[in-house]
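A short write-up of the structure that comes next.
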Amino acid sequence: MVRDRADIPRRIAVGITGASGALYATRTVAALLSLGCHVELVVSDFGRRLLRDELGEAAMLDHWPEYLADRYGAEVERGTLTLHSNRDVGASLASGSYACGAMVIVPCSMKTLAAVSHGLSRSLIERAADVMLKERRTLVVVLRETPLSLPQLRNMVALAEAGALIMPAMPAFYQGPRTLDDLADFMAGRILETLGLSHELYPAWTG
């Protein structure tokens, strides 16, 4: 259920880039749709390859309505989804006047991290993230890389100082995960929490 708060962002942008972790992306989008959110989806070229390489042909964007419903249930039909071209820097998400309350980049490659932290805005994902920062809206960056170089660490600090929430893809194990889907549930749940959305994807820690 969605918490009874007027400031909950119900129109949420999701960027998918070429870092490993396609399962985190699909689970997050499915969870948002199941809550009735409108998802503004942008996928980079390497993000599209990531979906195919890690999840198979069925996860290609042309098959997403069927793929998400088959994998996560008919609840995903509660929400709506708009797919944007990453090359379209003139799309609605490129303007601060467009009422998009938050953005999640999941997974976020180190290349995208560097670009967003330096405000390059060369693609729609980069520009939309820049809009979130300049408008003081929520930007969640789910990084997936190890080990980390000094330039990567400095880019994380720069982006955090600009107002983004840095969320490395580090699933917990206290909830006793048994499958990869359990790990994806945890990360998707943590993402939803940063957006002010409640969920039942994993049990809360009770001490």
Side-chain angles (χ1 to χ4, degrees), residues 12-32 41-56 59-61 71 86 102-134 137-195 199 201-205:
I12 299 170
V14 175
I16 301 176
T17 68
S20 183
L23 193 58
Y24 297 135
T26 57
R27 190 65 188 97
T28 299
V29 171
L32 290 170
L41 182 65
V42 192
V43 186
S44 71
D45 289 343
F46 285 110
R48 290 172 180 267
R49 176 175 174 177
L50 173 78
L51 293 171
R52 182 195 65 204
D53 289 351
E54 293 191 355
L55 299 177
M60 296 296 288
L61 291 175
R71 181 154 193 158
N86 195 35
M103 181 176 186
V104 180
I105 306 178
V106 55
C108 181
S109 66
M110 294 297 108
K111 174 183 174 183
T112 302
L113 167 70
V116 175
S117 66
H118 288 84
L120 298 186
S121 295
R122 300 167 302 182
S123 67
L124 183 56
I125 290 177
E126 295 172 12
R127 172 57 186 170
D130 195 47
V131 166
M132 294 295 126
L133 296 176
K134 78 182 185 70
R137 298 172 188 167
T138 300
L139 173 63
V140 182
V141 180
V142 184
L143 304 164
R144 214 303 309 165
E145 183 64 278
T146 190
L148 296 165
S149 69
L150 183 56
Q152 292 167 348
L153 291 168
R154 285 175 171 161
N155 287 336
M156 289 183 202
V157 171
L159 197 51
E161 290 175 339
L165 192 152
I166 306 298
M167 183 183 290
M170 296 179 178
F173 291 85
Y174 69 80
Q175 75 278 24
R178 297 183 178 182
T179 67
L180 293 178
D181 283 325
D182 291 337
L183 299 178
D185 284 352
F186 181 86
M187 287 308 306
R190 294 295 288 143
I191 291 169
L192 293 185
E193 289 164 11
T194 66
L195 302 175
H199 63 86
L201 294 174
Y202 66 89
W205 175 253

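FYI, the numbering just counts along the sequence from 1.
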So, Asp130 side chain and Glu126 main chain: donor-acceptor pair closer than 3.5 Å or not?
no
Item to complete: Determine whether Thr138 and Met103 make a side-chain contact, defined as any pair of heavy atoms from C-beta on separated by less than 4.5 Å.
Response: no
Under 4.5 Å between any side-chain heavy atoms of Leu165 and Leu139, yes or no?
no
In this structure, OH of Tyr202 is separated from CZ of Arg190 (nearest 0.5 Å) by 5.0 Å
CG (Leu133) and CD (Glu161) are apart, to the nearest 0.5 Å, by 12.5 Å
The reported gap from CD1 in Ile12 to CD1 in Ile191 (rounded to nearest 0.5 angstrom) is 10.5 Å
**Prompt:** Is Arg27 salt-bridged to Asp185, cutoff N-O under 4.0 Å?
**Reply:** yes
Between Met187 and Tyr24, the two heavy atoms sitting closest are CG-CE2, 3.5 Å
The side-chain contact (heavy atoms from CB on, under 4.5 Å) partners of Arg154 (sequence neighbours excluded) come to Leu150
Any non-hydrogen side-chain atom of Ile16 less than 4.5 Å from a side-chain atom of Leu41? yes
Got a sec: does the NZ of Lys111 have more than 12 other heavy atoms crowding it under 6.0 Å? no
Rounding to 0.5 Å, atoms CZ (Arg48) and CE (Met60) come to a distance of 7.5 Å
When Asn86, Thr17, Thr112 are each screened for side chain to side chain contact (heavy atoms under 4.5 Å, CB included) with Ser123, the one that passes is Asn86
In terms of heavy-atom contacts, Ala19 and Pro107 come closest through O-CG, 2.9 Å
Correct closest heavy-atom pair for Leu201 and Ala31 would be CD1-CB, 4.1 Å
CD1 (Ile166) and SG (Cys108) are apart, to the nearest 0.5 Å, by 8.0 Å
Less than 4.5 Å apart, any side-chain heavy atom of Thr26 and any of Glu54? no
**Q.** Student check: side-chain heavy atoms of Ile105 and Val142 closer than 4.5 Å
**A.** no
d(Leu50 CG, Leu55 CG) to nearest 0.5 Å is 7.0 Å
request  = Carefully, step by step, assess Asp53 and Arg49 under the rule salt bridge (Lys or Arg N to Asp or Glu O under 4.0 Å).
outcome  = CA-CA 6 Å; Asp53 289 351; Arg49 176 175 174 177; 3.2 Å; yes
| said: Within the 4.5 Å heavy-atom criterion, are Met156 and Leu143 side-chain neighbours or not? | reply: yes
Evaluate the side-chain proximity of His199 to Glu193: yes if any heavy-atom separation is below 4.5 Å, no if none is. yes
**Asked** Do any N or O atoms from the side chain of His118 and from the backbone of Leu120 form a donor-acceptor pair under 3.5 angstrom?
**Response** no
Q.
Treating Thr28 as the side-chain partner and Ala188 as the backbone partner, does any N or O pair qualify as donor plus acceptor under 3.5 Å?
A. no
